[in-house]
Protein chains: 4
Amino acid sequence: MSPRSSQQLARMREETREKILGTALQLFARRGFHGASIGEIARQAGLSKGLAYHYFESKQAILEAIIEEGFAEIERMMTVALDVEDPHQKLVVLLERTFAVTEQDSEFWRVFTGLILQPDIWEGFQQRFMKFFEGVIGSFVDLFASLGFEDPRAEALLFAATLDGIMLHFILDQPEYPLEQVKNGLIRRYQKR
Amino acid sequence: MSPRSSQQLARMREETREKILGTALQLFARRGFHGASIGEIARQAGLSKGLAYHYFESKQAILEAIIEEGFAEIERMMTVALDVEDPHQKLVVLLERTFAVTEQDSEFWRVFTGLILQPDIWEGFQQRFMKFFEGVIGSFVDLFASLGFEDPRAEALLFAATLDGIMLHFILDQPEYPLEQVKNGLIRRYQKR
Amino acid sequence: MSPRSSQQLARMREETREKILGTALQLFARRGFHGASIGEIARQAGLSKGLAYHYFESKQAILEAIIEEGFAEIERMMTVALDVEDPHQKLVVLLERTFAVTEQDSEFWRVFTGLILQPDIWEGFQQRFMKFFEGVIGSFVDLFASLGFEDPRAEALLFAATLDGIMLHFILDQPEYPLEQVKNGLIRRYQKR
Amino acid sequence: MSPRSSQQLARMREETREKILGTALQLFARRGFHGASIGEIARQAGLSKGLAYHYFESKQAILEAIIEEGFAEIERMMTVALDVEDPHQKLVVLLERTFAVTEQDSEFWRVFTGLILQPDIWEGFQQRFMKFFEGVIGSFVDLFASLGFEDPRAEALLFAATLDGIMLHFILDQPEYPLEQVKNGLIRRYQKR
DNA sequence: TATGAATGAGCCTTCATTCAT
DNA sequence: CATGAATGAAGGCTCATTCAT
C-alpha cells in the first residue's frame, strides 16, 4: 500500500520476470524453442507453471521478450561506437564492442541464430529487425567508404559475414575459441592499409 | 528369394527413401527438427506414417540419414579442390566449390546449422564430424602457409569464419544475397598480395 | 505455500490416485498389463489421459503402485498370524488369514499371478519380492518342523503349492469355488496327526 | 506333381507350421500374448510376415493352435493313466505323468496359465475346455472315493490345487525347483494310509 | 500473487493385417 | 509358396494452456 511496499513489489516482479527469462534463455539455447517446455522452465526457475503464465501469456511471448531484451542490450552496447569520429578508431571500437557482446551474450546469440534459421518462427520477428540489420550494413558501408575502399559495399558484406562467422564459431567452440587472437588479426588487417 | 524383381524393388525403395528424405529436409529447414512432425513429413511425401517407419526406425534416424547424405555430397564436391597444386589457384577453386555447394544445398545448410546450434541434438553427431572440421581447418592453415602468410593459423580462422558467415547470410537472404559479388571480393582480397 | 487448503488438496490427490489405481487394477485383471490401455483406464476412471500422467509417470509406474499397495495390505493382514505361539493354532490362523486375503483381493492376485508369469514385466519386480517369498517358505519350514514333520522342507513346499493352487482355482472359478470347504479340508488334514 | 513331391510339400508345410507355433510359444511365454508381435515371431522363425499369414489367419489363430496342440499332447500323455486298474497304482502313474508333462511343456503351461488368467482372451476358449477340467476333477473324485476317502470331493479339490500349485512353482523357479522331491513327498503322503 | 489440478490436442512409435507381385 | 511394401488404427506419453481456489 505504501509507496515503499509497492516499489518492493515492482522489484520482486522484475526479479521473477528476469528469472523466467534467464532460465528460458538457457533452455532454449540447449534444446531449441520447440524442444524446451514451459514446465521445465518453470521448475528450473523455481516457480509454478501457473505463475509463469501470469508473467507471460505464452511460450512465444517469452521468446519475444528474450529477443526484445537481447536487442535492447546490444543497441545499448553498440551506441558507444557511433560517437567515435576517426574512422580507424571507429572500426576498432566497433570490433571491440562486437566481440564483447558476442562473449557476454553467447547464449542469446545461440538462440537468436537458431531462431533466424527457422522461417516458421522467425516470420513473426522479421519485420521488427529488418531495419536494424539494414542500418548496420549501411553504417558499415559508410565506414568502409570513409576508409577509402574501392568497393565499400562488397567490403561491408564481407566484414559483416566475417563478424557473424566468428560469432558462430565462438558459440560452437566456446571456451576454446581464440576470440582475442582473431580480433587482433582483424584489427591488423584493416590497419595495414 | 524375392518374388518381385529385386531390381525393381530396390529402385522403388530408393525412390521412396529419397522422397522421405527430401520432404523431411524441407520441413526440418522450415520448422526445425523438433518443430517438424513425422505425420506432416509423411503426408507431404504422400505416404502413410507407418511406411515412413518402415524406411527409418525413428525421426532421429531420418535426420541422421539427411546429414550423412549431405556430407557425402559435400565431400564429393570438395575433393576436386584438393588436386590443384598452385596455392593461388587452389584457393580460387576452393572458393568456387564452396560457393557452389552453398548455393546448391542451402536447405541442407540451414538444417545443419540449426542442428549444430542445438547441443541436445548435436551431441549425437559431434564425434562423427569433429575430424572433418579439424581437417578443413588444417588444410586452410597449410594453404595460407604456402601463400606466405605470417600467421597462417589466424588467417585460416578468419577465412573459415568468413566462409561460414557468408553461408549464413546467403541462407537467410537467399535469392537477394549477392553471392557472386562477395566471392569476387574475396578472390580479389587474396590475389592482391 | 499453497493457496488451496493443503489438506483438501491432499485428500483430492489421494482420491484421484486411488480412483486411477482401482480402475487400473480392474482393467489389468481383465485384459492383462499390455492389453489394458491408459486411455481406457482414464476414460473409465472419469479423467483425462493427461491427468493420469500427472499422477503416475508411466503405465509401468501404475502397475508398480498397485503391486506395492497390494503387498502392503497383505503384509498388514498376515502379521497377525506371526504372534500366535502354539503351532497348531498358528497354522489355523495362517490358513484363515490366507484365505481371507485371497478372497478379499482376488483381483489383485489375478494381476499379480499374471505378472509373475511374464518374465519381461516381472524382471523389474523380481528383486523386490525375492526376500518376501523366501521368508514365507522359511516360516513354513519352521512351522512344520515344530509340528514334528520328518521332512519339514518337503512339507512346506507342498503346503505352499497347495495354497497357491487354491488361490489360482479360486481366482478362476470365483463365486462357485468352495473356498470354505477346501479350507476345512486342509485344517482337518493337519489336525489329524 | 508326383505323389512323392506332394508328400514332401506336406512335410515342409508341417515343418513351417511347427516352426511358427514353436517360436510363437516362446515369445508368448516371454512377453505375453499382447506383448509379442507377429513381426517378431516371423523374424525369429526365419520367415516373412506375409508367409505367417498364409499359415494362420490371425495372431489369435496362432494362439488357438498352440492351445489346441498343447492339449492334444497332454491328453495323449495322460490317457495311459486311465488304463491302470489298481487305485494306488493309478494315482502313482497319474502323478508321474503329470509331472512329466509339467516338466516337458513348461513353456506351454506358462502361456496357458497366463491366458486363463485373462478373462478377455480366455473367454473364447472357455467352453472348449470346460468339459476337460470337469472330467479331470470327476476322475479325481472317483479315484479318491475308491481309495476310501471320507470326503473324496474335498480331497480331489485339494489334490488338484496342489498339482496346479506345483506346476506354477515349477514354471517360476524352473531349474531350481525340486520337482522330483516334491513328487515323492506327494506319493508318500497318499501311500501312508 | 501464486498453486497445481485438469484438459485436449498432438507427437513418436508400434503393430495386426492386406495386397501386389 | 513367398516377399515385403503399405496402411490405419491405436497406444504411450508430452505439453501448452486454462482455471478453481
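In the text below, chain A, chain B and the rest are named by the order of the sequence lines, each starting its count at 1.
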Query raised in the report: To the nearest Å, how far apart are B:Q8 CD and E:dA20 P?
Result: 14 Å

Query - Spacing between D:R17 atom CZ and F:dA2 atom P, to the nearest angstrom - result: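 Spelled out: CZ on D:R17 to P on F:dA2 is 15 Å.
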
Report task. Give the rounded distance in Å between these two atoms: CE of D:M12 and C1' of F:dC1. Result -> 8 Å

Report task. Could you check D:F125, D:F112, D:F28, D:W122 and say which one makes a ring pair (Phe, Tyr, Trp, His ring centres under 6.0 Å) with D:F33? Result ->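 Exactly one candidate clears the test, D:F28.
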
Query raised in the report: For B:E57, does the CD atom have more than 12 heavy-atom neighbours from other residues, nucleotides or ligands under 6.0 Å away?
Result: no

**Report entry** Nucleotide-resolved protein contact map, nucleotides 10-15 of chain E, B/S/- at heavy-atom distance under 4.0 Å
**Finding:** BSBBBS

Query - Dot-bracket encoding of pairs in DNA chain F, which uses [ ] for pseudoknotted crossings and | for another strand, Watson-Crick or G-U under 3.5 angstrom - result: .||||||||||||||||||||

**Report entry** Separation of F:dG12 C1' from C:L27 CG (nearest whole Å)
**Finding:** 16 Å

**Report entry** Steps toward side-chain contact (heavy atoms from CB on, under 4.5 Å) verdict (C:H54, C:R13)
**Finding:** CA-CA 10 Å; C:H54 195 66; C:R13 267 197 81 83; 4.2 Å; yes

Requested in this report: Ignoring backbone atoms, establish whether A:Y55 has a side-chain N or O less than 4.0 Å from OP1 or OP2 of E:dT1.
Outcome: no

Query - Distance, rounded to the nearest Å, where A:K19 contributes NZ and E:dT1 contributes P - result: 19 Å

Query raised in the report: Can you tell which of E:dA5, E:dT1, F:dC1 lies closest to the side chain of A:R13?
Result: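 Side chain of A:R13 sits closest to E:dT1.
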
Report task. Kindly indicate whether the side chain of B:L63, heavy atoms from C-beta on, has any atom under 4.5 Å from the side chain of B:V111. Result ->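 In contact.
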
**Report entry** Contact check, side chains of C:L25 and C:L21, non-hydrogen atoms, under 4.5 Å
**Finding:** no

Query raised in the report: More than 12 heavy atoms of other residues, nucleotides or ligands under 6.0 Å from CD of C:Q127: is that the case?
Result: no

Requested in this report: Mind calculating the distance between CZ (C:R43) and P (F:dG12) to the nearest angstrom?
Outcome: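 About 11 Å, once rounded to whole Å.
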
Query raised in the report: Does A:R31 reach the main-chain N or O of B:D120 with its side chain, forming a donor-acceptor pair under 3.5 Å?
Result: no

Query raised in the report: Considering only heavy atoms and no angle criterion, is a donor-acceptor pair shorter than 3.5 Å present between the side chain of B:H54 and the base of F:dA6?
Result: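 No, no donor-acceptor pair under 3.5 Å.
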
**Report entry** B:A24 to B:I41 - nearest heavy-atom pair and separation
**Finding:** CB-CD1, 3.9 Å

Requested in this report: Provide, to the nearest angstrom, the distance between the CZ atom belonging to B:R11 and the P atom belonging to F:dG4.
Outcome: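 These atoms are roughly 18 Å apart.
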
With a cut-off of 3.5 Å and sequence neighbours excluded, list every side-chain donor-acceptor pair involving residues 65-73 of chain D.
{"from": "D:E68", "atom 1": "OE2", "to": "D:R128", "atom 2": "NE", "distance (Å)": "3.0"}
{"from": "D:E68", "atom 1": "OE2", "to": "D:R128", "atom 2": "NH2", "distance (Å)": "2.5"}
{"from": "D:E69", "atom 1": "OE2", "to": "D:R17", "atom 2": "NH2", "distance (Å)": "3.1"}

Query - Rounded interatomic separation in angstrom, taking CZ from D:F56 and P from F:dC1 - result: 12 Å

